[in-house]
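When a residue number appears, it is its place in the shown sequence, counting from 1.
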Amino acid sequence: MAAKRAREDEVQSGGATADGEQSKKKPRHGFKVGPDNLPDGTWRRKVIKIKENLIVQAKVKKQYAKVKASLEKQQQEQQEQAKASETAPPPPPPTTNDASTAAETAPHPESAPQIHPARQAMLDDPNAPTQQLPPPRAARIVGPPAASANATTPLSNQGNPNATTPLAPTQEDEYRNAMDLKRSKTVRNREKAQRRPGYFDKQLAEAEAKKAELDARLAEVARREAEKTKRIADREKYRKAMAKARLPGRDGKRKVGREGNLLLDKVKRIVGA
């Protein structure tokens with residue numbers, strides 16, 4: 001048996017509810033930049049880059065808003081704590097029990113870090129003379145100081161004032177040795193630089209040869225151009241002279257003498273005389 005046909009109001013109400021559900025479940029596609037049907041090329045890559053930059057900027061703004069909100073919250077909490085501390089009553093004085101507890105919890109002096117005896121003596125008596133340390137080796141060889149007057153001598157020669165014994169190396173000797181070593185290094189480096197082989201001598205020679213060849217080729221081209229220009233000028237001069245010589249004179253006859261001279265010059269040029 002076939003089902004009964006639904007009424008029109010039911011159909012309309014059911015359709016309305018279906019449309020409402022569809023409108024609620026409408027998917028979100030995000031924002032769009034540029035048209036969707038761009039071919040793969042420069043414009044499409046540019047649109048994609050713009051969209052990525054916008055996304056990054058939005059994320060940065062969101063993170064900045066979070067950080068700003070957290071800082072404002074911290075500042076507000078600090079202000080509230082300051083107000084509470086100002087309005088709070090002062091703490092009561094410590095009693096005997098509290099004093100005993102604080103003494104028990106205080107660190108024992110033996111457990112404290114030990115101080116060096118020299119530092120302890122300096123703290124006890126600041127005006128006491130301190131032991132002066134010898135200058136470092138680098139400071140001793142910077143400049144040639146005066147020779148030490150109290151040079152050490154062996155015990156065996158202390159009774160003999162006329163005995164000549166080699167003295168210990170003083171600061172002046174160390175300075176001289178250091179300067180000699182520096183000079184020798186400088187001389188070695190200079191000799192090494194002078195002995196350095198020419199790594200590009202062959203390439204430089206080839207470049208010079210190519211340059212000379214190019215200059216010769218350009219000179220030859222210039223010479224040929226000059227000869228060509230001269231030949232063209234001579235030919236044009238001969239043509240004009242021949243045209244003038246072939247003109248008839250007053251009597252209506254050709255100027256054979258002038259034309260003959262031009263022909264003779266032409267023959268000489270051809271023969272090479």
Side-chain angles (χ1 to χ4, degrees), residues 2-116 118-120 122-124 126 130 133 135-139 142 182 185 189 193 196 199-200 203-204 207:
K4 296 176 69 175
R5 185 171 62 86
R7 297 193 309 179
E8 293 181 1
D9 54 356
E10 293 179 359
V11 172
Q12 292 178 0
S13 62
T17 55
D19 293 340
E21 291 178 358
Q22 289 180 2
S23 62
K24 288 180 181 178
K25 294 181 180 180
K26 187 177 180 180
R28 296 178 61 185
H29 299 288
F31 68 97
K32 296 182 180 180
V33 178
D36 296 335
N37 57 351
L38 278 175
D40 189 11
T42 307
W43 293 104
R44 183 174 179 79
R45 290 194 294 271
K46 188 173 182 180
V47 167
I48 292 171
K49 187 176 180 181
I50 292 172
K51 186 173 182 180
E52 291 177 353
N53 291 338
L54 291 174
I55 292 171
V56 171
Q57 290 176 6
K59 289 182 179 179
V60 170
K61 286 182 180 179
K62 189 180 291 185
Q63 293 176 359
Y64 174 74
K66 288 182 180 179
V67 173
K68 186 176 180 182
S70 63
L71 290 175
E72 290 178 354
K73 187 176 180 181
Q74 290 178 3
Q75 291 178 0
Q76 188 176 1
E77 290 179 355
Q78 290 177 0
Q79 291 177 1
E80 291 178 356
Q81 290 178 2
K83 290 181 180 179
S85 62
E86 289 177 359
T87 57
T95 59
T96 56
N97 297 332
D98 296 340
S100 61
T101 307
E104 291 177 358
T105 56
H108 201 270
E110 295 181 356
S111 61
Q114 298 293 333
I115 302 177
H116 195 270
R119 185 174 180 80
Q120 185 65 35
M122 189 186 300
L123 293 174
D124 294 341
T130 57
L133 298 175
R137 183 178 180 83
V142 168
K182 186 176 180 181
K185 285 184 179 180
N189 293 336
R196 186 175 298 169
Y199 296 104
F200 303 103
Q203 286 79 0
L204 291 173

Of all the heavy-atom pairs spanning Phe31 and Leu54, show the shortest one and how long it is. CE1-CD1, 4.1 Å
Between CZ on residue Arg44 and CG on residue Asp36, distance to nearest 0.5 Å: 8.5 Å
Where do Ile50 and Val33 come nearest, in terms of heavy atoms and distance? CG2-CG1, 4.0 Å
Nearest 0.5 Å, what's the NZ-CD distance between Lys66 and Gln63? 7.5 Å
Does Glu72 reach the side chain of Lys68, with side-chain heavy atoms less than 4.5 Å apart? yes
Roughly how far, to the nearest 0.5 Å, is the CG atom of Asn53 from the CD1 atom of Ile48? 12.0 Å
